[in-house]
Each structure stands twice: as structure tokens, then as C-alpha cells.
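Values reported hereafter were calculated over all heavy atoms of this structure, with side chains retained and with hydrogens, waters and symmetry mates removed. All values reported here derive from a predicted model rather than from experimental measurement.
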Amino acid sequence: MVGTSSFHGLLDTLVRKQLIALDVAEKAAADSERAKKPFLSFLVEEKLVDAGQVAVACSEEFGLPLFDLSSFDQQQLPNDLLNEKRIAKHFAVPLFIRGSRLYVAIGDPTNNNALEEFQFNAGMRTEAILVAEDQLQSFITHLFESDSSALALDDFDEEELSAIDVDSGTPTAPPEHEGDTDDQPIVIYINKLLMDAIRKGASDLHFEPYEKNYRVRFRIDGILHEMGSPPAYLAGRLAARLKVMSKMDIAEKRIPQDGRIKLKLSAKKSIDFRVSSLPTLFGEKIVLRILDSSIAMMGIESLGYEPEQQKLFQDTLQQPQGMILVTGPTGSGKTVSLYTGLNILNTPERNISTAEDPVEINLSGVNQVHINNKAGLDFSSALRAFLRQDPDVVMVGEIRDLETAEIAIKAAQTGHLVLSTLHTNSAAETITRLINMGVPGYNIASSVSLIIAQRLARRLCEHCKKPESLPSEELIKLGFSSAQIADSPQFYQPQGCDKCSGGYKGRVGIYEVMPLTETIGRVIMEGGNSLQIADIATQEGVNNLRKSGLLKAISGVTSLAEINRVTSF
């Protein structure tokens, strides 16, 4: 039997403070070593100690501050230092940088090796922050299973990059095509670009051939940035490799094609890409959309709704019938709003069916149908089938024609909650669009419950944004009321630093949430136009996109220049 004198550091502390029995500690020490797991992590996983009590005891014993990770803003994370292998090895996470010091969250205060390795790799002094081990485990799991932006490219060496598993989930292309693109440098180059896009938080990758050059661009926070310029003669090989990965027909170069890539980074982590090819004058342009499954779990609080807008959306979602329409141009975040609503509604008591083109994110508990026009499965036929399957909630990816609109409206009028999207510029113009399709005004007034128009604006970087001063006359011209500027609000403008892209980091939604009230319903049935509907909505207290954007500028979330970019006066 090993005596207590042979225990040091954390073991000694736990035994002396009677948080664990000596014999249990001895056995756990041996078992954790065999399992190649950190001792404290092993104790918490096996429920041999209470993580909260251990954290308090260690804080007192080692004089370290005890930190609550549940209130930590992940925007402060130094993404460039989030190396998954290093974090898993030491069970420690670099949380933030203050001045020339890196602060690292640890559960075991004797884990000096972690601090030394992070210090070496960051090139700055490290300070330990003590957190409860169970909180740390949950934080790390969430970080690397749902936050794709936390991946660091240096987690993968050249050999690993070339061996990344690719699975499209669709029938495999003819084997003879594989040899045409079995080009190791091309494989590594494309895999590096995909990993870099994930690390930078890009939403899309554009591979573009031109007569004398080739360009690769990433869309980051809604803005395209050029990231590479390989030789033009590689255009065909790059396109062929991407088409093989997404299981397209590489012999067909005359028509557009669609595909899908699943990039398996580890046993528990994979990233999906939606792929589109387009024949252009000098070759095929390939665009990849990164599909982040974590958006369905973001929570409505993080989307940027004003409190009254959020309440209106949530209240309408709880209605047993009616239609909620989300509108805006491509890339305005409509999919995020729809999936967030579905996630709120996704309970065992509800039967939810969706028709999507394509299905972007898999939701457990939701019956999702991938539209296949070639096989005759379009939105209208899927909707008809849904109504024979006892649905409570129906989601239609997009209302594109009168037939789909009529079936969706019939569903909303007969005891179903229907969610869908349209491409329009404002909430009021959505009514005009439906009428132009041929939907009678009385059907719109009796079925549509709520219309949400939205845009995405870039968030100002919290590390480098600087104050901006404008005269009152200029603010009035921009759309502010006298009451809004009476309190002398502080505005900010972008500056740029090593933690952001041009002074911005991330995006936030700007919304116009318009309920179809009795007054608006009467105007619709009387043949009123979108301007009349918008005026009444304003009188009833609905903020249009411009006003909602100005509120974001007042709160310091984004800049006036960004609001001017995404909304009209």
C-alpha cells in the first residue's frame, strides 16, 4: 500500500481534504495511467469525486482564482492557438490574451507541462485560471464538436491532409475517373484550402478559372477575400478533383451540376460542403458552401433579434396553425432562422416534415425530404404527401410557384403550422410577391401569421473598434430620430487587428418582424400595395430593416458604414 507521503500535488490535496479515500485514489491513479487519461479527468468521468468541491479545494490550496466557464464569451478565444491535439493532450484551453499574457483554463493546478507548452507555442507568458473539471470537459467537447471555426490548420501535417476521409453520401463515381485525378499535390492543396476555410470561419469557397489566371476566394463574414492564385493550367485538374470529391460526373462539363462533400476529420467530427459547378468561358467554376450543423443549436438569443421581435417570433411559433415566412436575398441568413425555429418546435409531441432543396443540415427528430425535380419530386408533390402523413409542422424550403403557395396556404388554413421562405426585399413586399404569383388576397390575410425580413451585418471586432463622432444633423439624415440622439449615443467604426478581418468579426442579424394584424389584413383584401402595408406596419410599431439596423449601431454591435451597406435609406 502506498502511503500518503508518496502522494504529491493534486493527489495529496484530494486525500488530505478527504475528498477521496486513500485506497480509491491509489486504484484510480493506476487505472488512469493505464487508460492514458489525466488523473483528474478520470476521477470526474468515473464520478469518484465532486468536480465543484475539487475546484474549491484546489483554489484554496494553490491560491488560484476559480473561474465560471458558463459565463465566458467564446468570441474572446484566441482561435490561432486552439490546437485540438494540444488541448486534448493537456486538457487545458487558452481562453484569452491580456497584454502580453495568455490565460489558460485548467482543472488540475499542478499541470505545469500544459502551461509550459502553451507558453512555448504562443511565445508569451501564461497564467493559469482554475475551472471545475466537469465544466472544462463540457467546454472542450462543445468547442471541438460544434464550433468548426475553432479548428487550427496546424492540427494536420501534409500526410494527414492527403489522407483526410471524403464521403459524399451519394453513389460513387465510376472508378475509371479516380485515376485521372489521383494527383497528390492537388489533393493536398485542396484539402489545405478546405481546412483553412473552416479555420477562418468562411461560409463559401469560390474556385474561378479565367483566361490567364485562376483565383480562389473565401467569403468571410459576407465579404469575398482572395486567398490563392494557382497557375491557370491547373484549372481542369482542380475542377476534376473537386467533382470527384463531390461525386459529380467529371466527364460532363457542359451543364451545371450539384454535389455534396463530407469531410471526416476524426471519428467524431465531420464537416459538410454543398458543391455547385457552373460551366464558364474558360472552364468550370466550382463553389462550395460550408454547412455548419451547429447553427440549428445556436439558440434564438444569439441571432440578433430585438427583445420584442424575439418574443413575437417565439409566440407565433407556439401557435397551432398559420404561416411564418422568412424573406431576404441569398445569403441573408434565412436558413438559420428556419432551423432555429424548427429546433424550438422539435419535441416528441410534434410531427415535423420538411421539403428542402437541398437538405443542408440533418436534424434528428425531423422528417427531411430532399427535393429531386428530375425524379418528379418537387415542392408541391412533397407538400401533398406531407398532408397525408398527419403533420403538425411543415417546412417548405422556398415558395417558388403558385402551386406550392396554394398547397402551403391550404395547410396553414387547416390546422398546420407552416414555415417557408421567399426572396423579397422587405416584409411588405412579400405580400405583393404572393399576389403577383396569383394567390388571392383573402387567402394571404387568413393564413399568413408573421413575416420576417432579414439581412446579415458584420459585427465590429471587440478588440479594436474605435469611437466615431458624427454631428446631429448627419445622424438625422441617416434616419435617427431626435429622441435617439438626445442621449448622445456612442458610435464605433472598424479599425482592424490580428484578431479580425478589416475591423469586423462574425455577423449579426437585422430583422423586420411584421405580424399580419387585422388592419393589415383589411388593406391586403382591399388591394393595397406594399407602400400602404409598410406605412401601417410602421404606425403599429414595426421597425423596418433600416430602423433595426440603426439600433444595432446605437448599441455598438456594428458600424454606421455597415448599416448603410446592408440596408437602404
Judged by modelled atom types alone, do [X] and [Y] share a side-chain donor-acceptor pair under 3.5 Å?
X: His463; Y: Gln76; result: no
X: Asn425; Y: Arg433; result: no
X: Thr430; Y: Thr424; result: yes
X: Glu117; Y: His90; result: yes
X: Gln368; Y: Glu356; result: yes
X: Glu562; Y: Ser559; result: no
X: Arg546; Y: Thr567; result: yes

Taking the side chain as everything from C-beta on, heavy atoms only, tell me whether [X] gets closer than 4.5 Å to [Y].
X: Leu419; Y: Val396; value: no
X: Ile451; Y: Ile324; value: no
X: Val336; Y: Leu456; value: no
X: Ile190; Y: Met245; value: yes
X: Leu95; Y: Leu77; value: yes
X: Gln257; Y: Lys243; value: yes
X: Leu136; Y: Ile140; value: yes
X: Pro230; Y: Tyr189; value: yes

Nearest 0.5 Å, what's the [atom1]-[atom2] distance between [X] and [Y]?
X: Tyr504; Y: Cys464; atom1: OH; atom2: SG; result: 10.0 Å
X: Glu429; Y: Leu434; atom1: CD; atom2: CG; result: 12.5 Å
X: Leu345; Y: Gln314; atom1: CG; atom2: CD; result: 10.5 Å
X: Leu312; Y: Ile452; atom1: CG; atom2: CD1; result: 8.0 Å
X: Thr126; Y: Leu81; atom1: OG1; atom2: CG; result: 11.5 Å
X: Ile485; Y: Ser472; atom1: CD1; atom2: OG; result: 4.5 Å

Q: Run the numbers on Asp315 and Lys311 for salt bridge (Lys or Arg N to Asp or Glu O under 4.0 Å), then give the verdict.
A: CA-CA 6 Å; Asp315 289 348; Lys311 184 177 186 304; 2.8 Å; yes
Could you tell me whether the side chain of [X] and the main chain of [Y] form a donor-acceptor pair under 3.5 Å?
X: Gln454; Y: Gly333; result: yes
X: Thr558; Y: Arg459; result: no
X: Gln135; Y: Leu69; result: yes
X: Thr421; Y: Thr327; result: no
X: Asn543; Y: Ser548; result: no
X: Lys334; Y: Pro329; result: yes

Identify the two heavy atoms, one from [X] and one from [Y], that lie closest to each other, and give their separation to 0.1 Å.
X: Ile563; Y: Ala553; value: CG1-CB, 4.3 Å
X: Ser481; Y: Ile476; value: C-CD1, 4.1 Å
X: Glu468; Y: Leu560; value: OE1-CD1, 4.5 Å
X: Leu470; Y: Glu474; value: CD2-CG, 4.4 Å
X: Asn346; Y: Ser364; value: ND2-O, 2.8 Å
X: Glu306; Y: Lys552; value: OE2-NZ, 2.8 Å

Q: In sequence, state the C-alpha distance, the side-chain angles, and the governing distance for Glu127 and Leu102, and then conclude on side-chain contact (heavy atoms from CB on, under 4.5 Å).
A: CA-CA 6 Å; Glu127 293 282 347; Leu102 173 65; over 6 Å; no
Q) Where does the angle between the aromatic ring planes of Tyr305 and Phe313 fall among parallel (under 30°), tilted (30 to 60°) and perpendicular (over 60°)? A)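 Aromatic pair Tyr305/Phe313 classed tilted.
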**Q.** NZ/NE/NH1/NH2 to OD/OE distance under 4.0 Å, Asp272 and Arg289
**A.**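 Judged by the 4.0 Å cut-off on N to carboxylate O distance, Asp272 and Arg289 do not form a salt bridge.
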Q) Is any NZ, NE, NH1 or NH2 atom of the basic residue among Arg458 and Asp221 found under 4.0 Å from an Asp or Glu carboxylate oxygen of the other? A) no
Q. Looking at Tyr103, does the NZ or CZ of Arg101 lie under 6.0 angstrom from its six-membered ring centre and within 45 degrees of the ring axis?
A.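 Not flagged: Arg101 not positioned over aromatic ring of Tyr103.
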(Q) Please enumerate all residues that pass ring pair (Phe, Tyr, Trp, His ring centres under 6.0 Å) together with Phe480, with sequence neighbours excluded. (A) Phe491
Q) Is the centre of the Phe282 ring less than 6.0 Å from the centre of the Tyr210 ring? A)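 Between Phe282 and Tyr210, the centre distance exceeds or equals 6.0 Å.
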**Q.** Non-neighbouring partners of Glu208 that pass salt bridge (Lys or Arg N to Asp or Glu O under 4.0 Å), sequence neighbours left out
**A.** Arg215, Arg217, Lys285
Q | Arg274 vs Asp204, salt bridge (Lys or Arg N to Asp or Glu O under 4.0 Å): CA-CA, chis, key distance, verdict | A | CA-CA 9 Å; Arg274 190 179 75 200; Asp204 302 87; over 6 Å; no
Q. Any chance NZ of Lys499 has more than 12 other-residue heavy atoms, nucleotides or ligands included, within less than 6.0 Å?
A.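 Correct, the count exceeds 12.
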Q) Hey, mind stepping through Val287 and Phe207 against side-chain contact (heavy atoms from CB on, under 4.5 Å) and telling me if it holds? A) CA-CA 6 Å; Val287 175; Phe207 293 80; over 6 Å; no
**Q.** side-chain contact (heavy atoms from CB on, under 4.5 Å) between Gln310 and Glu301, worked out
**A.** CA-CA 8 Å; Gln310 179 178 320; Glu301 297 81 6; 3.9 Å; yes
(Q) Apply side-chain contact (heavy atoms from CB on, under 4.5 Å) to residues Leu291 and Arg260 and explain how you reach the verdict. (A) CA-CA 10 Å; Leu291 305 177; Arg260 195 179 182 101; 3.6 Å; yes
